[in-house]
Amino acid sequence: MRRVFRETVAPGAFPEPPPLSEREFLTVQRLLYRESGIWLSSAKKALVVGRLSRRLRELKSPSFSAYLQRVEADGLERVRMLDALCTHETHFFREPRHFDFLARDVLPRWRAQGRTEGGDGRRVRVWSAGCSTGEEPFSLAMVLRHHLPLAEGWDVDILATDLSTRILEQARQTRFPLDKAREIPTPYLRAYMLKGMGPQEGWMKAGPELRGLVRFQRVNLNDFHGVAGRFDLVFCRNVLIYFDQESRARAVERLLGHLAPAGLLFLGHSESLVGFGSRMRAVIPTVYAQRAPADGGPTR
């Protein structure tokens, strides 16, 4: 049954939120872990205060305890809390060696095999897990479209997922500050990005050729509901660092369950599969393949 909350603060007299008690922090810690698998260390107490205080002011909630009662009772507010607490740092072509590896090794090999096997091309499925505001999936879209031309029959499908509904809404706009253009190699920038004019000055937008390759969806890496099939490339970079060992192991198993037999899993520079058994082998640092792949190309 939904709880009813009565406000006791007079209009216009709402104070700054009180300090977050240790008990309240532990409640936030448990909630976040239960809902997302993300583990907050005690060093993140100030972060919690900073990110949730605005929401308390908006709701005129008199205390963190009152707000947390509301979060437990209201699923939509629980999603808003997750949105506020999740970190979303990202860049175009972040960790460039991964994109170099795709462009110089993986995609030319797939393209050659596609010609060898009849020249009709293939369908390539990619998952950007923890896509944030969209820079990673659109970086992938540029590289894949450039090296696997539509004219040769290549069908590219990129699933971009994140836990945060707010961030996904921003990503769906495919609009980025123009100063991010310097993160994009010039040939890709000229071929695939549009510079804003008039009221859009100072912004750039992914062109229609890229927008048609990427679809966005809310997915919680703690349960993976809504993800179907297998992927030739899975990018889950700088996400698992926020999980503890148990939730990280669950997430890795689920990621591998969605990896095609010859697929590649890309992790962040400070992440690895050390301690997760011998099922996978490192192709280059932080890029993994199954030890006995069926072939060297993408799935049909």
Side-chain angles (χ1 to χ4, degrees), residues 31-38 40 47-48 50-52 54-55 58 71 74-95 125-145 156-178 180 183-184 192-194 196 200 203-229 231 233-243 247 251 254-255 258 265-268:
L31 267 170
L32 186 63
Y33 184 73
R34 184 188 74 200
E35 296 293 326
S36 69
I38 296 172
L40 285 178
L47 178 144
V48 171
R51 294 191 178 181
L52 294 185
R54 179 179 177 182
R55 189 60 184 154
E58 290 171 347
V71 166
D74 185 342
L76 182 57
E77 190 58 43
R78 198 152 54 244
V79 170
R80 290 195 179 110
M81 187 197 78
L82 295 176
D83 283 356
L85 292 178
C86 292
T87 299
H88 300 285
E89 180 184 353
T90 187
H91 306 282
F92 284 102
F93 293 89
R94 188 180 187 184
E95 302 189 33
R125 298 195 73 211
V126 182
W127 182 10
S128 171
C131 68
S132 189
T133 47
E135 285 86 341
E136 179 178 271
F138 282 108
S139 298
L140 285 165
M142 289 183 231
V143 175
L144 288 163
R145 185 76 294 163
V156 175
D157 175 51
I158 301 173
L159 173 64
T161 69
D162 203 275
L163 176 65
S164 171
T165 53
R166 174 180 57 84
I167 288 298
L168 283 173
E169 186 57 36
Q170 184 177 337
R172 287 189 180 100
Q173 296 175 17
T174 70
R175 193 180 75 147
F176 307 94
L178 191 58
K180 281 183 168 282
E183 301 172 357
I184 303 173
Y192 300 114
M193 301 300 289
L194 304 174
Q200 297 298 320
W203 296 88
M204 63 179 179
K205 190 176 181 71
E209 189 173 9
L210 291 192
R211 296 199 300 271
L213 305 183
V214 182
R215 54 194 174 93
F216 292 95
Q217 180 180 332
R218 184 179 186 266
V219 170
N220 186 339
L221 292 182
N222 203 38
D223 56 37
F224 282 42
H225 289 320
V227 179
F231 297 85
L233 303 173
V234 174
F235 275 62
C236 185
R237 305 187 304 166
N238 306 300
V239 176
L240 300 178
I241 55 175
Y242 298 105
F243 292 6
S247 56
R254 289 166 177 160
L255 288 169
H258 285 286
L265 171 65
F266 292 73
L267 300 181

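- Rounding to the nearest 0.5 Å places CD of Q170 at 9.0 Å from CZ of R175.
- Residues L144 and L213 fail the side-chain proximity criterion, which asks for heavy atoms closer than 4.5 Å.
- Screening residues 76-87 for salt bridge (charged side-chain N to carboxylate O under 4.0 Å, His left out), with sequence neighbours left out, gives E35-R78, R55-E77, E77-R80.
- Put simply, the side chain of D162 gets close to the backbone of S132: a donor and an acceptor are under 3.5 Å apart.
- Once rounded to the nearest 0.5 Å, the distance linking CG of L47 with CG of L85 reads 7.0 Å.
- Checked against side chain to side chain contact (heavy atoms under 4.5 Å, CB included), V239 has the following partners two or more places apart in sequence or in another chain: L221, C236, F243.
- Here the side chains of Q200 and L194 are not in contact, with every heavy-atom distance at 4.5 Å or above.
- H258 places no side-chain N or O within 3.5 Å of a backbone atom of A228 that could act as its donor or acceptor partner.
- Side-chain contact check for I184 versus F93: some heavy-atom pair is nearer than 4.5 Å.
- Not counting sequence neighbours, the partners of A206 by the side chain to side chain contact (heavy atoms under 4.5 Å, CB included) test are F138, T174, M193, L210, R211.
- Judged as a side chain to side chain donor-acceptor pair (under 3.5 Å), and not counting sequence neighbours, Y192 has no contacts.
- Counting only residues at least two apart or in different chains, salt bridge (charged side-chain N to carboxylate O under 4.0 Å, His left out) contacts with residues 130-145 comprise E135-K180, E136-R237.
- For the salt bridge (charged side-chain N to carboxylate O under 4.0 Å, His left out) test, no residue two or more places apart in sequence or in another chain qualifies with R218.
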Quick one: do V227 and R254 satisfy side chain to side chain contact (heavy atoms under 4.5 Å, CB included)? Show the steps, please.
-> CA-CA 10 Å; V227 179; R254 289 166 177 160; over 6 Å; no

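- Taking the side chain as every heavy atom from C-beta outward, F92 and M142 approach each other to under 4.5 Å.
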